[in-house]
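Below you'll find the structure, written out as structure tokens, and then a few comments.
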Amino acid sequence: MGISKKILVIPGDGIGREVTLWGRTALERVAKKGGHSFTFREGMMGHEAIEATGSPLPEATISLAKASDAILFGAIGHQKYDQDPTLRVRPEQGLLSIRKELGLYANLRPVRLFDELLGASSIREEILRGTDILFFRELTGDVYFGEKKRSGDGNTASDLMIYHRFEVERIAHKAFEAARTRRKKLCSVDKANVLESSRLWRETVQQVAQSYPDVETEHLFVDNAAMQLVREPRRFDVILTGNLFGDILTDEASQIAGSMGMLASASIGDQAGFYEPIHGSAHDIAGKGIANPIASILSAALMLEISFGLKEESASLIRAVETTLRQGFRTMDIADKHTPNARVLGTDAMGGKVVEAIQ
Ligand code: IPM
Ligand code: MG
């Protein structure tokens, strides 16, 4: 008795298309094996969409997203805009708007360590071993969405860092519920020694914590948390934080997993879930066929588990990644001197190996 789901694929910019192909192929393989019916549509977003339609998030993509059960996204961004901050229409607006449009307020970023990659990190193996962190990054509030201003003479600019109590409450509940299913520890990260919005954050998390007496709660300032993450990553279980701090800390945490190319994320909220690698468009390697497809495949695994409730199928993708790494296959970003017998593969060869290994 297979299930039937509509999936929207948004490849986006840079290496997005190359890697998303493999997230999608993995989903197709799972559907075939389990007798499920996944239908795929494709939508545009980002630089590609600006070039084609003038908008980073065309109406057509929004309607497709709203009519889908889940969305698999690649990457967004283009050098042209990075080098010219004066451009008004920007690819990233597409991603931010779709997060808002779909009410994707909770961004889950698991930092999962594969034993085979312990040597690929810039952090020492004995510090990393056993690390397993689940980030809950708030995704539709904070300085990302607060009012932006530029003075008439152009010499002064501001972005409003703003949180409403309900925004903190709803993601805090999600994070505490997840902590209950794990090691029952939650660390909330803020800057409450300086910021009023962080004091509201901390006060709200403290109140929500009262409903979860079985979860051990701590509060860290973001500067301290950034340091603890590389000093003793094992001390963390669930980390709950705001949009900006979460953006920064999860890039840092990707080094624990060996590479940005390994981290997947799930954005959930009121409607269809949205699944994407945490890495960006990586224009320096786009089109070269060397990008790591694993983050996209692991994003597909998150989709299977969270949006479709297919836990076993989701685990089978993670095991396939494990098997492939154990066989010694690596993409360039995770190849390191500690695995002298590693075979370095391009995107398609690596994606093919993982898909082949799905049981
Ligand atoms: C991320 C990215 C985005 C963000 C960019 C591309 C807008 O860095 O998903 O982490 O800042 O949220
Ligand atoms: Mg980021």
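Both counts, for ligands and for their atoms, begin at 1 and track the order of listing.
In summary, the side chains of W201 and S188 do present a donor paired with an acceptor at a separation below 3.5 Å, with no hydrogens or angles considered. Between R88 and Q93, the side chains place no donor N or O within less than 3.5 Å of an acceptor N or O (distance only, hydrogens not considered). A donor-acceptor pair shorter than 3.5 Å can be found between the side chains of T331 and N292.
When side chains are defined from C-beta on, D270 counts as touching Y105, because their heavy atoms get closer than 4.5 Å. In this structure, the side chains of P56 and P91 stay at 4.5 Å or more apart for every pair of heavy atoms.
In the vicinity of R137, heavy-atom distances shorter than 4.0 Å reach the ligand 1 atoms 1 (C), 4 (C), 9 (O), 10 (O), 11 (O), 12 (O).
Near-neighbour remark for the Mg ion (ligand 2): protein N, O or S atoms under 2.8 Å are D247 OD1; waters not counted.
Comment: E177 does not engage R180 in a salt bridge, judged by the lack of any side-chain N to carboxylate O separation of less than 4.0 angstrom.
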Side-chain polar contacts of residues 316-324 - donor-acceptor pairs under 3.5 angstrom, sequence neighbours left out - could you list them?
residue : atom : partner : partner atom : Å
S316    : OG   : E313    : O            : 2.6
R319    : NH2  : E312    : OE2          : 2.8
T323    : OG1  : R319    : O            : 2.8
T324    : OG1  : A320    : O            : 2.7

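Closest to atom 10 (O) of ligand 1, if we only count protein heavy atoms, is D247 OD1, 2.9 Å. Of the protein's non-hydrogen atoms, the one nearest atom 4 (C) of ligand 1 is Y144 OH, 3.5 Å. Taking atom 1 (C) of ligand 1 as the reference point, the nearest protein heavy-atom neighbour is R109 NH2, 3.4 Å.
Of the candidates Q93, R99, M260, E92, it is R99 that places a heavy atom closest to atom 9 (O) of ligand 1.
Ring geometry for Y81 versus H78: interplanar angle over 60°, hence perpendicular rather than tilted (30 to 60°).
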